[in-house]
Asks: 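Got a structure here, written out as structure tokens. Questions coming.
So that the names make sense, note that chain A is the first sequence line, chain B the second, and so on, each numbered from 1.
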Amino acid sequence: MNDTLKISRDIKLSQIFSAFLLIGATSFGGGVAAYLRASLVARHRWLTDAAFVNFLAISQTLPGLNATNMAVLVGDHLRGAPGAVAAMAGICLPGALLMFAVGMIYGHHGDQPAVTAMLHGASAAAVGLIFATGVQLGQKTLERLGDLVFVALAIIGINVFHLSVLYVLFGVGALAIWWYRPKTGRKGSSQ
Amino acid sequence: MINQLFALLKVFAYLSLLTVGGGMAAFPELKTLTVDVHHWLTSTQLIHLYSVGQMAPGPNMMMVVSIGERVAGSLGALVVFMAFFLPTAVLTFAVGRLWNRLEGWPWRNAIQRGLAPVAIGLFMAGSITMGKGVITDILALGSVAVCTAVAIAVSVFATLIVTHRINPAFLILGGALIGLFAFRSG
């Protein structure tokens, strides 16, 4: 598999930038991971599937959006720090310019009845979308029934007790990490 | 102006570190800080910008840029972009380089395994916060409007659960079109 991969020193920064720019401009409707895989693994052959899955796992564990974390990790993997900057700039630029324009337009026309009505409809649809995304993420990620306890604790902390996301993240996060703590007493082995 | 830019910097740098498992995790805090604490926009405006942001390509929290634009123009947008994306990018860069060296570290797997369900929980909590906000907005339009909104949300949810072949951006656009006729009178 590895011999079909491009050698990373042959990949130009401009190629990294334009590949991520294309993803940043075309990945409508979320699910950037699928677009990334199609470009990086299937089209450009810059990564193996295994490496892609590994980077995605790191992206999901760390704070930050999957799309930008993937850009940083893959960019760094291909061409070091400049590669990470090129990938990050590429994936962010189209959406950032678009949402900047949306901010300006919304400021001028957001209170027109027709616009408000459309946005109410869009927000109802967006709620359906995020709940569907949540369920799909859960199906993919949750392996044991016990995991639902941590899901529930986070929801209760935020939506019932209105705790800060920060406290819930650290509190429930620490509990969950402790729950999955290394089993044996091999302290200090292979740091 | 400088004070506003500094406030934007502080708020969005803080929010960026909460985005474990995606931007939705930070949504409840995003609402508290931008709506209740700083009054940069109303809850309705936040939900509207967030919903439009769901249609935009690229990283799905790019809507934060439009909040920066509202508060302090182009400079505000730039500050928010940097504050929200730079800290996590630097962190990911550093941890990414460390990650493979931590291969044998037994806690690496525990962290990965443990944070996964917490990230889902935070995502769902953010979704519930957003859902509540939408219901509050639409309640003001009457009970028929609420039924319509629930019907839109449930249809989108069901469609996406059943098939992966449809691009969610089209469904949100569809919701907007239905909204144009259903929610106009309010």
Side-chain angles (χ1 to χ4, degrees), chain A residues 24-30 58 61-65 67-69 72-73 76 84 88 91 94-96 98-100 102-104 107 117-132 134 137-138 141-142 147 150-151 154-155 158-159 165 169 172-173 176-177 180-182 190, chain B residues 17-20 23 28-29 47-48 51-52 54 56-60 62-63 65-66 69-70 77 88-89 92-93 96 99 104 106 110-118 120-125 127-128 131 134 149 152-153 156-157 160-161 167-169 171-172 175-176 178-180 183-184:
Chain A
T26 55
S27 55
F28 288 96
I58 304 174
T61 303
L62 293 178
L65 312 179
T68 53
N69 284 352
V72 168
L73 293 172
D76 182 36
M88 179 79 183
I91 204 162
L98 184 69
M99 288 317 290
F100 176 71
V102 165
M104 279 173 59
M118 283 175 80
L119 289 170
H120 281 325
S123 63
V127 170
L129 163 62
I130 56 179
F131 275 96
L137 283 175
T141 318
L142 303 178
D147 281 346
F150 301 116
V151 175
I155 294 174
I158 289 167
N159 297 117
V165 174
L169 179 59
V172 185
I177 291 169
Y180 283 107
R181 70 193 177 281
S190 65
Chain B
L17 297 173
L18 301 180
T19 54
V20 171
E29 209 78 352
I47 286 168
H48 285 173
S51 304
V52 176
Q54 289 296 98
N60 77 350
M62 212 44 99
M63 56 78 59
V65 168
S66 53
E69 199 283 329
R70 272 186 78 79
T88 53
T92 300
F93 184 79
W99 194 259
I111 293 171
Q112 204 164 357
R113 201 54 203 82
L115 284 185
V118 181
I120 305 284
L122 293 177
F123 186 100
M124 294 309 282
S127 309
I128 292 169
V134 173
I152 294 173
V156 170
F157 177 84
L160 291 172
I161 292 292
N167 190 321
L171 296 177
I172 297 186
I178 296 173
L180 181 61
F183 303 137
R184 188 83 186 258

Asks: Quick check on R70(B) against chain A: is it the side chain, the backbone, both or neither that has a heavy atom closer than 4.5 Å?
Replies: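 For R70(B), the side chain is the part near chain A, not the backbone.
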
Asks: Between A125(A) and V156(B), what is the shortest heavy-atom contact and its length?
Replies: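 Between these two residues, the closest heavy atoms are O-CG1, 3.5 Å.
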
Asks: Taking every heavy-atom pair that is under 4.5 Å apart, which of A96(A), G138(A), A25(A) has the most such pairs with chain B?
Replies: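 Among A96(A), G138(A), A25(A), the one with the most close pairs to chain B is A96(A).
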
Asks: Can you confirm whether L142(A) sits close enough to I120(B) that some side-chain heavy atom of one is under 4.5 Å from a side-chain heavy atom of the other?
Replies: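 A side-chain contact exists here, since the closest heavy-atom pair is under 4.5 Å.
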
Asks: Checking F93(B) against chain A: side chain, backbone, both or neither under 4.5 Å from a heavy atom?
Replies: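 For F93(B), backbone and side chain are both near chain A.
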
Asks: Supply the atom-to-atom distance I155(A) CD1 to I128(B) CD1, rounded to the nearest 0.5 angstrom.
Replies: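 One finds 4.5 Å between CD1 of I155(A) and CD1 of I128(B).
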
Asks: What is the distance from atom CG of L115(B) to atom OH of Y180(A), rounded to the nearest 0.5 Å?
Replies: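 Rounded to the nearest 0.5 Å, the CG-OH separation comes out at 11.5 Å.
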
Asks: Between A149(B), S66(B), G96(B), which residue shows the highest count of heavy-atom pairs closer than 4.5 Å to chain A?
Replies: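 Looking at each option in turn, the highest pair count goes to S66(B).
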
Asks: If every non-hydrogen atom of T88(B) is compared with every non-hydrogen atom of N69(A), which pair is closest and at what distance?
Replies: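 In terms of heavy atoms, the two residues are closest at O-OD1, 4.1 Å.
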
Asks: Would you mind telling me which of P28(B), P117(B), G114(B), G23(B) has the largest number of heavy-atom pairs within less than 4.5 Å of chain A?
Replies: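 Among the listed options, the one with the most contacts to chain A is P117(B).
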
Asks: Of all of A154(A), A117(A), P94(A), which one pairs up most often with chain B through heavy atoms under 4.5 Å apart?
Replies: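 Top count of heavy-atom pairs under 4.5 Å with chain B: A117(A).
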
Asks: If you count heavy-atom pairs under 4.5 Å with chain A, which of H48(B), Q112(B), Q54(B) comes out on top?
Replies: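 Highest number of pairs under 4.5 Å: H48(B).
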
Asks: To the nearest 0.5 angstrom, please state how far the CG atom of L171(B) sits from the CG atom of L129(A).
Replies: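 These two atoms lie 8.0 Å from each other.
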
Asks: Test M124(B) against N159(A) for side-chain contact (heavy atoms from CB on, under 4.5 Å), laying out the working first.
Replies: CA-CA 10 Å; M124(B) 294 309 282; N159(A) 297 117; over 6 Å; no

Asks: Heavy-atom cut-off 4.5 Å, strictly under: side chain, backbone, both or neither for I178(B) against chain A?
Replies: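 Contact with chain A: none, neither part.
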
Asks: To the closest 0.5 Å, what do you measure between CG (L62(A)) and CG (L17(B))?
Replies: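 Nearest 0.5 Å value for the CG-CG distance: 11.0 Å.
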
Asks: For the interface with chain A, which of A56(B), A176(B), A89(B), S51(B) has the highest count of heavy-atom pairs at distances below 4.5 Å?
Replies: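 That would be A176(B).
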
Asks: Provide the closest heavy-atom pair for F28(A) versus A169(B) in the form atom of the first, atom of the second, distance.
Replies: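 The pair with the smallest heavy-atom distance is CB-CB, 4.2 Å.
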
Asks: Within this structure, what is the CG-OG1 distance for the pair N60(B) and T68(A), rounded to the nearest 0.5 Å?
Replies: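 Going from the CG atom of N60(B) to the OG1 atom of T68(A) covers 9.5 Å.
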
Asks: Most heavy-atom pairs under 4.5 angstrom with chain B, which of L137(A), D147(A), V127(A), I158(A)?
Replies: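 The candidate making the most pairs under 4.5 Å is D147(A).
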
Asks: Can you confirm whether M63(B) sits close enough to V102(A) that some side-chain heavy atom of one is under 4.5 Å from a side-chain heavy atom of the other?
Replies: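 The answer is no, as the side chains (C-beta and beyond) never meet within the 4.5 Å cut-off.
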
Asks: Chain B: which of A176(A), G173(A), S123(A), A84(A) shares the most heavy-atom pairs with it under 4.5 Å?
Replies: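 Max contact count across the listed options: S123(A).
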
Asks: Closest approach of L65(A) and P59(B), non-hydrogen atoms and distance?
Replies: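 Closest heavy-atom pair between L65(A) and P59(B): CD1-CB, 3.8 Å.
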
Asks: About how many Å separate CG of L119(A) and CZ of F183(B), when rounded to the nearest 0.5 Å?
Replies: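 Spacing of CZ (F183(B)) from CG (L119(A)) equals 11.5 Å.
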
Asks: Do side-chain atoms of T19(B) reach the backbone of P63(A) as a donor and acceptor pair under 3.5 angstrom?
Replies: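 No: the side chain of T19(B) does not pair with the backbone of P63(A).
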
Asks: Quick one: does P57(B)'s side chain get under 4.5 Å of L98(A)'s, heavy atoms only?
Replies: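 In contact.
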
Asks: Please say which of T92(B), I111(B), V20(B) ends up in a side chain to side chain contact (heavy atoms under 4.5 Å, CB included) with T61(A).
Replies: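 Exactly one candidate clears the test, I111(B).
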
Asks: Looking at A67(A), A122(A), A126(A), which has the largest count of heavy-atom pairs under 4.5 Å with chain B?
Replies: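 The answer is A122(A).
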
Asks: Tell me, out of M104(A), R181(A), M88(A), H120(A), who's got the most heavy-atom pairs with chain B below 4.5 Å.
Replies: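 Most heavy-atom pairs within the cutoff with chain B belong to H120(A).
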
